[in-house]
Each structure stands twice: as C-alpha cells, then as structure tokens.
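So that the names make sense, note that chain A is the first sequence line, chain B the second, and so on, each numbered from 1.
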There are 4 protein chains.
Amino acid sequence: MARKRVGNKREKIINAAAKFFGEKGYHNTTTSEIAEAAGVAAGTIYIYFTSKEELIVAVFEEFLGRHMERLQTGVESVDGPIARIRRLMTLGLELMESNPESAKIFLSQLRQSTTMIKTVAKRSSRAYNDIIESVLADGMAKGVFRQMDTTHVASMLFGAYQMTVLEWVASDCSYPLAEKAKELSDFVLVGLACETPKGDQ
Amino acid sequence: MARKRVGNKREKIINAAAKFFGEKGYHNTTTSEIAEAAGVAAGTIYIYFTSKEELIVAVFEEFLGRHMERLQTGVESVDGPIARIRRLMTLGLELMESNPESAKIFLSQLRQSTTMIKTVAKRSSRAYNDIIESVLADGMAKGVFRQMDTTHVASMLFGAYQMTVLEWVASDCSYPLAEKAKELSDFVLVGLACETPKGDQ
Amino acid sequence: MARKRVGNKREKIINAAAKFFGEKGYHNTTTSEIAEAAGVAAGTIYIYFTSKEELIVAVFEEFLGRHMERLQTGVESVDGPIARIRRLMTLGLELMESNPESAKIFLSQLRQSTTMIKTVAKRSSRAYNDIIESVLADGMAKGVFRQMDTTHVASMLFGAYQMTVLEWVASDCSYPLAEKAKELSDFVLVGLACETPKGDQ
Amino acid sequence: MARKRVGNKREKIINAAAKFFGEKGYHNTTTSEIAEAAGVAAGTIYIYFTSKEELIVAVFEEFLGRHMERLQTGVESVDGPIARIRRLMTLGLELMESNPESAKIFLSQLRQSTTMIKTVAKRSSRAYNDIIESVLADGMAKGVFRQMDTTHVASMLFGAYQMTVLEWVASDCSYPLAEKAKELSDFVLVGLACETPKGDQ
DNA sequence: AATGAATGAGTCTTCATTCAT
DNA sequence: AATGAATGAAGACTCATTCAT
C-alpha cells in the first residue's frame with residue numbers, strides 16, 4: 001500500500017502546523033515536530049513549502065481565507081445593515097467556536113514580526129475589516145447608522161470581536177462562545193445607532 | 001556628582017530591550033544586541049536578569065505597570081462613570097502616543113506563547129481590564145450604565161481601544177493618536193448607555 | 001525508425017552530468033538537476049549508476065577515455081619523437097578546444113578528494129602521462145632526447161599543458177586555444193633537447 | 001587556568017582546517033570536525049570566521065601569503081634571471097616539502113568552484129605567476145632569455161612546478177622533494193634559453 | 001559588579017537515495 | 001525500465017547562557 005495516498009500530505013502538514021503555531025507560536029514550533037505530527041518525514045515539508053515561513057503563510061491563507069468566504073456569504077444572506085452586523089458577529093463567533101485551532105492562530109499570530117508574516121496577517125485582518133467596513137458604509141448611506149469614520153469604527157468593532165474570542169480561548173474554551181454573540185452585537189450596534197451618547201455632560 | 005546611579009544599567013538594559021522587542025519581536029531580538037545597545041557586555045544582562053524571558057517580563061512590568069499607575073490616578077481625578085470612561089480612553093491614547101515603543105510592545109507581545117510570557121501578558125491585560133471593569137461596575141451600580149456582563153464588556157471595550165492603537169502604529173504613527181479619542185469614547189459609551197439598540201427588529 | 005536507441009538515457013545523463021560537473025563542480029551539482037537536464041526522473045539515474053560518485057567516474061572514463069584514444073591514434077600517425085610531442089600537444093589542445101566542457105572537468109575535477117574519485121582521476125592523468133612517457137622513452141632510446149627521469153619530465157610536460165588549458169578556460173575561452181600550441185611545443189621540446197642549459201654558471 | 005590562552009584559537013582553527021581541507025577537500029570536511037581537531041566548540045569557529053567559506057579563504061591567505069613572501073625574498077637574494085629561476089624552483093619545492101599540509105591545499109583546492117574560493121585561488125596562483133613573470137621579463141630584457149609570451153610561459157613553468165609537487169604528494173611524500181629541483185630547473189631553463197628547438201624538421 | 005570569549009544544544013534546510021507504482 | 005514522492009541522515013550556523021578573569 002506504499003507511501004500513503006497522494007494529495008493529503010500537504011493538508012496534513014498544514015493542519016499539524018496550524019495546531020502547533022496556534023498553541024505555541026511560530027517560533028516555539030519546530031519543523032520537526034510539525035513533520036512528526038503530520039506523519040511525514042522532516043524533509044517532506046520542504047517538498048510542499050519552500051520554508052517554514054511559507055508554511056505559516058499557507059496556514060493563514062487556508063484558515064482565514066476559508067473564514068472570509070463564509071462570512072461574506074453569510075452576510076449577504078440577510079438584509080439590512082443591522083441584521084448584517086448581527087449576522088457577522090454571530091457567524092464569526094460560530095466559526096471560531098467550531099474550529100478553536102484557527103481561533104488560536106487568528107489571535108496569536110496576527111501580530112508577529114518578520115515581514116512576510118506581517119504582510120499576510122495584515123492582509124487577513126484587512127479582509128475582515130473590509131467586510132465590516134462595507135456594511136458600515138452601507139448603513140451610513142441608508143441613514144440607519146450615524147455618521148462615522150468607518151475605518152476606525154470597523155477596527156474598533158473588530159477589536160471588540162477579537163477580545164470576545166480571546167477571552168474564550170483564554171478560558172480554555174470553557175463555555176459556548178455563541179452565548180456571547182448577543183452581548184457583542186448589542187454592544188457594537190448601539191455604538192452605531194443614530195444618536196450621540198446621552199447622560200453625558 | 002556622578003550622574004550614574006546604581007540601577008542605571010538595569011534601566012538601560014530594560015530600555016534597550018523594550019526598543020528591540022517592540023520593533024522586532026521577542027524572538028527576533030538577540031540578547032547580544034540588547035547588550036550592545038545598552039552599552040553593557042553580553043554577560044551583564046545575566047547579572048540583572050536570570051534569562052531572556054525574565055527580561056521581557058521585566059519590560060512588561062515596567063512599562064505597563066507605569067501605565068496602570070497613571071491610568072488609575074487619572075481615572076480617580078474625575079468623577080462619574082461616564083467621565084471616567086472618557087478619561088480612561090483619552091489618557092490611555094495619550095500614554096501610548098507619548099511612548100510608541102511601549103505601544104508596540106503592548107500590542108505585539110501581548111499574545112506570544114511560552115507560558116511565562118503568557119502569564120504576564122495576561123496579568124497586564126487583566127490589570128487594564130480591572131480598571132475598566134471597576135468603572136463599569138460602579139456605573140452599573142449607580143444606574144448610569146445598563147445591566148451587563150462587566151467582564152465581557154470591559155474586554156470588548158479594551159479590544160476597541162487596542163485596535164485604535166494598532167491602526168495608529170500600523171500607519172507608522174502618522175497622525176496624532178489623540179484625535180481618535182472622541183470617536184473611541186463615543187463608540188464605547190453609547191454601548192453602555194441605559195437602553196437597547198434601536199431600529200432593531 | 002525510433003531514433004532512440006537503447007543506452008540513449010545513460011548517454012544523456014552522462015552528458016548532463018559532464019556539463020554541470022564542469023561548470024559548478026561535483027559538490028555543487030545535485031543529482032536532481034542532472035536528471036532534469038537529462039530529461040529523466042530523479043530515480044532513473046540510479047538505474048544506470050549506483051551512486052553520484054559512480055556517475056562522475058563514468059563521466060571521467062567517458063570523456064578522458066575518448067581523449068586518450070584519439071591522442072594515441074594521433075601520436076601514432078606521425079613518426080619521430082619530436083613530431084610526436086608536437087602532435088600530442090597540438091592535438092590535445094584541439095580536443096580541449098572542441099569540447100570546453102570536458103576541458104573544465106579535466107581541470108577542475110582532477111584533484112578532488114574522495115578516494116574513488118581520486119583513484120580515477122589518478123588513473124586518467126596517468127593515462128595521459130603514459131602516452132607522453134612512452135614518447136619520451138622512445139626519444140631517449142633513439143638519442144633524440146637527453147637522458148632524463150621520464151616520469152618526472154612527462155608530468156612536468158603535462159603540467160605545462162594543463163596550465164595552458166587552464167589559462168584559456170580562465171579567460172572564458174576568449175581566444176583560439178590552438179594558437180598556444182606552438183609556444184607550448186617549443187617550450188617543452190627545448191627542455192628535452194640533447195644539451196644542458198647554457199648561459200648557466 | 002580558565003578557557004585557555006587567548007589568541008591561539010584562531011590559529012588552531014586555521015591549522016586544523018588546513019589539515020582537513022588539504023586531506024579531504026573543502027566539501028568533505030565538516031566544521032564540526034575542524035572544531036574538534038582544533039580543540040574548540042563548534043560555535044567558536046564562527047567567532048573568528050563568518051562562514052566556512054571565509055575560513056578556507058583565510059587558510060589560503062595564511063599559507064600562500066606566507067609562501068609568497070618567502071619566495072619574493074628568496075628571489076631577490078640572488079642575482080641574474082637564471083639564478084633567480086633556479087632559486088625560485090628550489091625554494092618553492094623546499095617550502096612545499098617543509099609543509100606538506102600547505103602543499104596539499106595548494107594543489108587540491110586551487111580549483112574549486114564557489115565564486116569566493118575561485119577568486120582567492122586565482123589571486124594566489126596569480127601571485128605565484130607574477131613573481132615568475134617578472135623574472136622572465138627581466139631575463140628577456142637583458143637578452144638572457146629568448147623572446148616569449150611571458151604570461152603563457154610563466155604559467156607553463158608554474159604547471160611544471162605544480163606537477164612536480166603533485167607527483168610527490170601522490171607518492172605520499174615518499175622521497176625528498178628537493179631532489180627534483182635540479183631536473184625541474186633544468187627543464188624550464190632550457191625552454192627559456194636563447195634558441196629555438198633543434199633537431200626539429 | 002562587569003566582561004566577553006567560549007560553549008554546545010538546537011534548528012532549518014538540503015539532497016543522495018529508495019521504492020511502490 | 002521508468003517515475004517522482006518520500007525519506008532521513010547530515011551539516012552549517014545561531015544564540016542564550018556560563019565563567020574565569
């Protein structure tokens with residue numbers, strides 16, 4: 001039965017890498033342990049990826065790319081800016097919950113250093129932000145949301161979302177993440193409503 | 001009048017380390033370059049710190065500890081939950097702006113991996129969160145803020161704050177961070193006000 | 001009329017190997033690139049040769065063997081030791097010129113290290129030397145050449161020949177090698193003439 | 001008595017490297033074995049040399065530079081082109097004989113591949129050639145030597161010299177190299193004398 | 001306390017070779 | 001015979017840490 005089925009090795013390596021990168025970070029993960037966990041020889045990694053760095057890039061593209069697609073689709077499946085923001089938050093949390101591995105990567109690797117990694121991380125988070133921003137702009141145009149700096153607000157909103165996931169991961173995923181969806185949506189939605197803070201002097 | 005006090009070297013090492021850790025990350029910084037930048041011998045670092053890891057811990061404690069103190073003082077200098085939230089956000093951004101190095105550490109190192117680092121990072125962000133949370137709890141008790149999961153809301157608020165700083169750092173500090181303070185405060189304050197999102201079905 | 005004879009692949013591999021070994025040296029050439037250039041799969045090389053080392057041995061045998069044959073024939077086509085030395089030098093340079101690849105191998109690989117290579121290289125250069133030596137011995141017997149240590153003189157002569165080729169290769173074959181033939185022959189021939197150096201004290 | 005005397009480590013490394021490079025060639029020598037033979041840790045090599053390549057360059061410079069100096073001095077200590085050629089050949093063989101290690105490097109590494117090595121090797125052999133060439137030019141100017149292409153003749157002469165050494169090394173230094181000096185000098189000197197080959201048709 | 005040369009374990013990466021198809 | 005994906009041993013180089021001075 002020879003040297004295994006063809007085609008699933010790249011996938012196995014990406015999965016193993018995702019697991020370790022998420023858990024221990026890029027620098028604390030050795031290519032050897034990735035290889036071992038993936039059930040391949042050390043050198044095999046270098047058949048599919050030219051370097052360790054290219055591997056983490058692939059991990060990003062794989063996981064976040066997958067998220068983006070589903071978020072985009074999800075958002076378009078409902079109408080109205082408010083519903084869309086709710087959908088975005090809820091779906092985002094669901095995706096994270098169904099794949100804690102990718103959640104960890106999403107959180108921990110987002111801000112590493114080497115240039116290439118940086119680039120991809122930025123691209124990924126920009127993709128997230130873009131989706132949010134377009135919903136905001138739409139809501140603003142329709143008069144549902146107040147006037148705002150959509151870029152800045154989108155990233156604040158993204159920050160609130162991220163921290164929601166981070167708390168959950170830090171708790172070792174000890175509760176259903178979905179239950180935070182309402183609070184998250186409420187929090188961000190009020191901030192977008194057509195009025196200024198009240199009770200303020 | 002020897003200007004060099006005792007402790008001078010420890011301080012110099014911490015400053016040099018902060019600079020490099022912020023710029024290039026923990027793993028891409030060597031102890032040798034820290035030593036060189038600090039103007040001490042490679043071995044000297046190990047007189048003040050038992051390991052590289054302890055050094056980054058010290059950097060965290062130093063910088064974030066300093067922040068905490070000033071945030072705490074700043075918050076207590078005004079009255080009322082709403083004003084305090086405003087003060088917190090504004091002062092936080094000011095502190096970051098006046099010390100971009102620490103801003104970078106705050107952002108990029110917060111989510112590394114090795115256990116010890118994790119612990120400290122968590123401790124630091126918890127400190128931040130604690131300040132926020134106590135203001136929230138107070139506001140809730142006084143009926144100024146709506147009922148909420150203060151822990152979760154505090155961290156979302158912290159997330160919005162973080163992303164505001166991140167955007168600024170990513171832009172190479174190309175604009176005055178302070179100008180984002182109002183939008184940030186407004187955003188988080190509405191989310192806390194005593195009402196539910198409107199326009200929602 | 002299938003143009004591909006059996007043995008075609010072996011030949012292609014040897015040619016590709018010769019090219020790379022000559023250009024980049026044994027150690028800087030990978031079996032994969034040889035395979036690619038030869039238009040065969042990586043594993044195919046190991047059907048024809050048991051190892052990379054055996055491959056370079058084959059390259060030597062192939063090219064230098066070919067030279068030897070032609071040199072031998074060429075030498076025998078003229079009469080008299082002096083004419084033969086001239087023929088040897090001229091023909092040798094012609095062969096090198098018509099095949100710069102083999103010239104490079106001849107020069108650069110002659111003195112590698114691993115035992116087996118050493119052995120073959122020695123064998124090859126010995127073959128060269130043998131031809132020269134036999135002409136020398138003949139000339140000495142016939143009284144045309146002076147008494148000498150034919151082995152030593154043969155190798156000095158070979159050295160002069162080699163350096164003539166090396167200079168040419170080092171110049172990127174920028175001039176016709178043949179034009180050095182007369183000087184080379186003159187140089188070595190005087191050294192063989194029946195007299196002692198004059199003008200010497 | 002601590003970590004040995006300072007200053008002799010670089011030398012020890014160079015000596016160990018010279019030994020192995022000469023015996024087994026650059027590519028078949030590992031930095032670890034050099035370190036071990038030099039009695040230092042693997043990493044120590046990289047305190048003194050930035051790379052393995054820089055190490056072999058240093059080996060070249062060290063040994064051949066030393067030769068050049070002594071050859072130059074030796075040549076200048078006698079008068080007249082003929083005597084100088086004799087001196088050059090004799091002294092050269094003596095130097096090789098007194099240091100077989102360097103003889104091996106001189107022979108085996110002279111024609112490796114990587115660019116930097118090539119460069120240095122070329123520089124070294126050029127230095128040798130330059131000394132020879134200047135003596136030839138002088139002799140030609142004084143009418144002691146015939147008209148010739150000094151560059152080409154110098155390198156042929158160098159080739160004869162090299163092969164004399166190579167034969168000796170190949171014989172495992174089994175005889176006194178010095179005894180070949182006369183034959184070598186005679187051979188090259190006749191080739192330089194003011195006449196054309198005789199007995200030629 | 002301070003130095004900085006030395007250490008050596010640890011890592012990524014290469015590449016000759018194998019073997020199921 | 002031919003393929004080429006997979007192997008895994010080996011090697012150059014890095015860098016946190018030590019310790020004699």
Side-chain angles (χ1 to χ4, degrees), chain A residues 1-7 9-10 13 27-36 38-55, chain B residues 6-10 27-36 39-55, chain C residues 6-10 27-36 39-55, chain D residues 1-7 9-10 13 27-36 38-55:
Chain A
M1 164 202 355
R3 295 175 181 214
K4 297 282 166 53
R5 314 256 167 288
V6 171
K9 285 216 155 85
R10 193 190 135 94
I13 293 169
H27 289 286
N28 295 307
T29 301
T30 66
T31 55
S32 313
E33 69 190 329
I34 292 173
E36 195 188 5
V40 302
T44 304
I45 289 179
Y46 292 85
I47 295 174
Y48 296 97
F49 308 93
T50 47
S51 66
K52 190 185 173 188
E53 196 149 336
E54 215 199 71
L55 176 54
Chain B
V6 171
N8 193 17
K9 286 199 168 154
R10 193 189 135 94
H27 288 286
N28 295 310
T29 300
T30 66
T31 55
S32 309
E33 68 190 331
I34 293 174
E36 194 188 8
V40 301
T44 305
I45 287 180
Y46 291 84
I47 293 172
Y48 295 97
F49 308 92
T50 49
S51 67
K52 189 185 175 187
E53 200 150 330
E54 214 201 70
L55 176 54
Chain C
V6 171
N8 193 15
K9 287 201 169 153
R10 191 188 137 95
H27 289 286
N28 295 310
T29 300
T30 67
T31 55
S32 309
E33 68 189 332
I34 293 174
E36 192 188 10
V40 302
T44 305
I45 288 180
Y46 291 84
I47 294 170
Y48 295 98
F49 308 91
T50 49
S51 67
K52 188 185 176 187
E53 199 150 331
E54 213 200 71
L55 176 54
Chain D
M1 156 201 2
R3 296 173 180 217
K4 295 286 166 48
R5 314 257 165 289
V6 170
K9 284 215 155 87
R10 194 190 135 94
I13 293 168
H27 288 287
N28 295 307
T29 301
T30 67
T31 55
S32 314
E33 71 191 328
I34 292 173
E36 193 186 9
V40 301
T44 305
I45 289 179
Y46 293 86
I47 294 174
Y48 295 98
F49 308 93
T50 46
S51 65
K52 189 185 174 187
E53 197 150 335
E54 215 200 70
L55 176 54

Where Ala41(C) and Ala35(C) come nearest, the two heavy atoms and their spacing
O-CB, 3.8 Å
Whole angstrom value for the distance that separates P of dA12(F) from CZ of Phe49(D)
15 Å
Mind calculating the distance between CD1 (Ile45(C)) and P (dT18(E)) to the nearest angstrom?
13 Å
For the pair made of CD1 in Ile34(C) and P in dG4(F), what is the distance, rounded to whole Å?
17 Å
Atom CD of Glu54(A) and atom C1' of dC12(E) are separated, to the nearest Å, by 15 Å
Measuring to OP1 and OP2 of dA16(E), would you say a side-chain N or O of Thr31(C) lies under 4.0 angstrom away?
yes
Using purine N1 to pyrimidine N3 plus N6-O4 or O6-N4 for Watson-Crick, or N1-O2 and O6-N3 for G-U wobble, each under 3.5 Å, what pairs with dA6(E)?
dT17(F)
Exercise: identify the closest heavy-atom pair between Ile34(C) and Leu55(C):
CD1-CD2, 3.9 Å
Watson-Crick or G-U counterpart of dA1(F), or none if no pair lies under 3.5 Å:
none
Measure CD/Glu36(D) against P/dG8(E) and give the value in whole Å, please.
12 Å
State which of dC12(E), dG8(F), dA1(E) makes the closest approach to the side chain of Ile47(B).
dA1(E)
Separation of atom CG in Leu55(A) from atom P in dT13(E), rounded to whole Å
10 Å
Need to verify one output field. Residue with the more 5' nearest nucleotide on DNA chain E, Val40(B) or Val40(D)?
Val40(B)
With a 4.0 Å cutoff (strictly under), does any side-chain N or O of Lys9(A) reach OP1 or OP2 of dA6(F)?
yes
Under 3.5 Å donor-acceptor, Lys9(A) side chain and Tyr48(A) backbone
no
According to a strict under-4.0 Å criterion, is Tyr48(A) in side-chain N/O contact with OP1 or OP2 of dA6(F)?
yes
Look at Thr44(D) and dT7(E) and indicate whether a side-chain polar atom (N or O) is within less than 4.0 Å of OP1 or OP2.
yes
Applying a 3.5 Å limit to both distances, which nucleotide forms a Watson-Crick or G-U wobble pair with dG11(F)?
dC12(E)
Give one of base, sugar-phosphate or nothing for Thr29(A), where a contact means two heavy atoms less than 4.0 Å apart.
sugar-phosphate
Roughly, in whole Å, what's the span from NE2 in His27(D) to C1' in dA16(E)?
15 Å
Exercise: identify the closest heavy-atom pair between Asn28(C) and Glu33(C):
O-OE2, 3.6 Å
Provide, to the nearest angstrom, the distance between the CZ atom belonging to Arg10(B) and the P atom belonging to dA2(E).
13 Å
Residue closer to the 5' end of DNA chain E, Tyr46(A) versus Ala42(D) (nearest nucleotide):
Ala42(D)
